[in-house]
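Not measured: the values here are computed from a predicted model.
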Amino acid sequence: MLDIQLLRSDLDAVARRLADRGFEFPVAEFQALEAQRKVCQTATQDLQSRRNTLSKQIGVMKGKGEDTTAVMAEVAGLADELKRNEVELDVLRAKLDDLLLGIPNVPHASVPAGRSADDNVAVRSFGTPKAFSFEVKDHVDVGEGLGMLDFATAVKISGARFSLMKGAVARMHRAIAQFMLDVHTGEHGYTEVYVPYLVNAASMRGTGQLPKFEADLFGVPRGDEGKLYLIPTAEVPVTNMVRDEILAAESLPLKFVCHSPCFRSEAGSYGKDTRGMIRQHQFDKVELVQIVHPEKSHESLEALTDHAETILKRLDLPYRVMALCTGDMGFSSAKTYDLEVWLPAQNAYREISSCSNFESFQARRMQARFRGEKGKPEIAHTLNGSGLAVGRTLVAILENYQEADGSVTIPAALLPYMGGLKKIEKA
RNA sequence: GGAGAGGUGGCAGAGUGGUCGAAUGUACCUGACUCGAAAUCAGGCGUGGGCGCAAGCCCACCGUGGGUUCGAAUCCCACCCUCUCCGCCA
């Protein structure tokens, strides 16, 4: 959510910057609502003030045993108008709120302008795609060839967009997550957290999934109230840890790492990546989350991105870093780097991590604050990034480490987690 | 799932219809005393919002949402949450 003070004082500039990301700010609608709100709120508060004064007066008079019928009649005369104003104000506030919650974040000045993914800018890259002396198979053929990836059975159990792993591949999937957690907790200073996978609507609103993207979520009904949602990323529960909190300035930055499954309903709707485990309704991810002082958030984004990159480097997987352009960034983000890993079977780089600085956008929605130098609560900044998507990391390893005989060499960094196994071969 | 108790400021804890946004204690901040500290004394100390150049004035908030009333922390209804006991369960 944007700062409404900023919208009041500098609407044109905000609208211009949002236009860069392809969002048309409903300027006239906002100004009309805001003008009505101002009149209505002032009138309502005046009436409330008058009622309060008279009611207090009644109390005092009754204490003295005086006759209060005249004053009571006067205040009773306010009731209708007051009620009407209060109702109208509620309606106006709800409309303004809806409008505000639907407005995306303003891109940071350093974000390249552009309309689509084609305009994203490659910032740097690591490693060079390996030359294979045989025809490379994609991860589906590799995994099924080993007898350790079984999509047919997953379809039987659940449907499309789910996967089933067995044996050494399932173990490597677990090893990948363990490895990532160990690096981030041991070397990058993150605190490991375990969180609920079902969250309430307030949490989804806090990080920006609701109200606009309900269709992308799996909802779990629970009687008439309190519907819960399966998390689409650990970002939601982890960031919401600080919702409605006022943190001590000294406690910042907070750095959390969380391994969790992620559930996305949108993943089935595109008709692309229908093969394999690139795009699934359920996948595992190790997520990095930081809550930081506003002045530090952009340097924190660089650090967080580097933390995610470290994993790819250790696994010796070629990748590149893309600065997303204004038109390709997510709703809540002020600046995003995507990490793209090399997939030889696709002969392309594919997203494996997305690292974003949300600045105050999420924190304002969820009232995540810290007590600043002046002693007043200030809105914190939030960031997160995949460090990394576990399923896609597995895909990248199966493809990049495949051998001519159909086996897969285990990356050196994962060997301590594989119980002595050095190579995955058909059972 | 059943029975009972309870949700008030950072914490503890009063308040059961009227100058209550809330006593008191404690923690914290400032000042005085002190060589310094402790103790003591004085003052300050919630959050969100509106109007205003400002000083400041005003509104809302006592788990959440409704209701009764001129007036609600206080009365009524629903819900949520916490604790204790029983059952069940990993």
*Sticking with atom P, work out how far B:U26 lies from B:A39, rounded to a whole angstrom.*
11 Å

*A:Ile246 has an atom CD1; how far is it from atom P of B:C11, in whole Å?*
11 Å

_P gap between B:C41 and B:U24, integer Å_ = 14 Å

_Residue-phosphate contact under 4.0 Å: A:Arg364 side-chain N/O, B:G48 OP1/OP2_ = no

_Qualifying side-chain hydrogen bond (donor to acceptor under 3.5 Å, both in side chains) pairs, either residue in residues 141-152 of chain A, two or more places apart_ = A:Asp141-A:Arg275, A:Asp150-A:Thr153

*asked:* Strictly under 4.0 angstrom, non-hydrogen atoms only: write out the protein contact profile of nucleotides 56-71 of chain B, one letter per nucleotide from the 5' end, B, S or -.
replied: --BBS---------BS

*Taking the six-membered ring for Trp, are A:His188 and A:His184 parallel (under 30°), tilted (30 to 60°) or perpendicular (over 60°)?*
tilted

Every protein N/O within reach of nucleotides 73-75 of chain B N/O, cut-off under 3.5 Å:
none

_Gap in Å between the two C1' atoms, one belonging to B:C61 and one to B:C20, rounded_ = 13 Å

Identify every side-chain donor-acceptor pair in residues 57-65 of chain A under 3.5 Å, counting partners at least two apart or on other chains, and give the distances.
none

*When the distance from CG of A:Leu47 to C1' of B:C51 is rounded to whole Å, what number comes out?*
15 Å

*Rounding to a whole Å, what distance do you find between A:Leu247:CG and B:U47:C1'?*
15 Å

*Is a donor on one side and an acceptor on the other found under 3.5 Å between the side chain of A:Ser386 and the backbone of A:Ser354?*
yes

*asked:* If you only use heavy atoms from C-beta on, which nucleotide in B:G48, B:G46, B:C51 is closest to the side chain of A:Pro377?
replied: B:G48

*Rounded to whole angstrom units, what separation is found between the CD atom of A:Gln367 and the C1' atom of B:G49?*
11 Å

*Residues A:Arg279, A:Glu351: salt bridge by 4.0 Å N-O rule*: no

*Is there a donor-acceptor pair under 3.5 Å between the side chain of A:Arg115 and the backbone N or O of A:Gly327?*
no

*asked:* Rounding to an integer number of Å, can you tell me how far A:Leu96 CG sits from B:G50 P?
replied: 11 Å

Return a table of donor-acceptor pairs under 3.5 angstrom between the side chains of residues 194-202 of chain A and protein atoms on other chains or two or more places apart.
{"from": "A:Asn200", "atom 1": "OD1", "to": "A:Ala202", "atom 2": "N", "distance (Å)": "3.4"}
{"from": "A:Asn200", "atom 1": "OD1", "to": "A:Ser203", "atom 2": "N", "distance (Å)": "3.0"}
{"from": "A:Asn200", "atom 1": "OD1", "to": "A:Ser203", "atom 2": "OG", "distance (Å)": "3.0"}

_I'd like the P distance from B:G25 over to B:C81, given in whole Å._
37 Å

*Return the set of residues passing salt bridge (Lys or Arg N to Asp or Glu O under 4.0 Å) with A:Arg350 (not counting sequence neighbours), or none when no residue passes.*
A:Asp273

*Could you list all the ring pair (Phe, Tyr, Trp, His ring centres under 6.0 Å) pairs where at least one residue sits in residues 61-110 of chain A, not counting sequence neighbours?*
A:His108-A:His298

Name each donor-acceptor pair under 3.5 Å that joins a side chain in residues 75-94 of chain A to protein atoms two or more places apart or in another chain, with its distance.
{"from": "A:Asn85", "atom 1": "ND2", "to": "A:Glu81", "atom 2": "O", "distance (Å)": "2.9"}
{"from": "A:Glu86", "atom 1": "OE2", "to": "A:Gln48", "atom 2": "NE2", "distance (Å)": "3.1"}
{"from": "A:Arg93", "atom 1": "NH2", "to": "A:Gln41", "atom 2": "OE1", "distance (Å)": "3.4"}

*OP1 or OP2 of B:G49 less than 4.0 angstrom from a side-chain nitrogen or oxygen of A:Arg8, does that happen here?*
no

_Span that lies between the P atom of B:C88 and that of B:G2, in whole angstrom_ = 15 Å

_Between B:A22 and B:G44, how far apart are the two P atoms, rounded to whole Å?_
13 Å

*How far, in whole Å, is B:C77 from B:U40 if one measures between their P atoms?*
47 Å

*Calculate the interatomic distance between A:Asp244 atom CG and B:U47 atom P; express it in whole Å.*
14 Å

*If we take the P atom in both B:G1 and B:G49, what is their distance in whole Å?*
38 Å

*asked:* Using the side-chain contact (heavy atoms from CB on, under 4.5 Å) criterion, which residues pair with A:Ala234? Sequence neighbours excluded.
replied: A:Val238, A:Cys258, A:Ser260, A:Glu287

*Starting at the 5' end of RNA chain B and moving along, which residue's nearest nucleotide shows up first, A:Lys38 or A:Lys376?*
A:Lys376

*Report which part of the nucleic acid A:Gln5 touches: base, sugar-phosphate, or nothing (heavy-atom distance under 4.0 Å, all strands).*
sugar-phosphate

Give every donor-acceptor pair under 3.5 Å between a side-chain atom in residues 162-170 of chain A and any protein atom, sequence neighbours left out.
{"from": "A:Ser163", "atom 1": "OG", "to": "A:Gln280", "atom 2": "OE1", "distance (Å)": "3.0"}

*Could you state the atom-to-atom distance from CG of A:Asp3 to P of B:G49 in whole Å?*
9 Å

*Measure from the side chain of A:Gln41, starting at C-beta and using heavy atoms only, and say which of B:U19, B:G50, B:G48 lies closest.*
B:G50

*Do the side-chain N or O atoms of A:Arg371 get closer than 4.0 angstrom to the phosphate oxygens (OP1, OP2) of B:U47?*
yes

*What's the CZ-C1' distance between A:Arg93 and B:G49, to the nearest Å?*
7 Å

*In dot-bracket form, how is RNA chain B paired, counting a Watson-Crick or G-U wobble pair only if both its distances are under 3.5 Å and using | for bases paired to another strand?*
((((((((.[[[..)..(.....]]].(((((.......))))).((((((....)))))).[[[[[..)....]]]]])))))))....

_Sequence neighbours excluded, every pair satisfying ring pair (Phe, Tyr, Trp, His ring centres under 6.0 Å) that has a member inside residues 27-68 of chain A_ = A:Phe25-A:Phe30

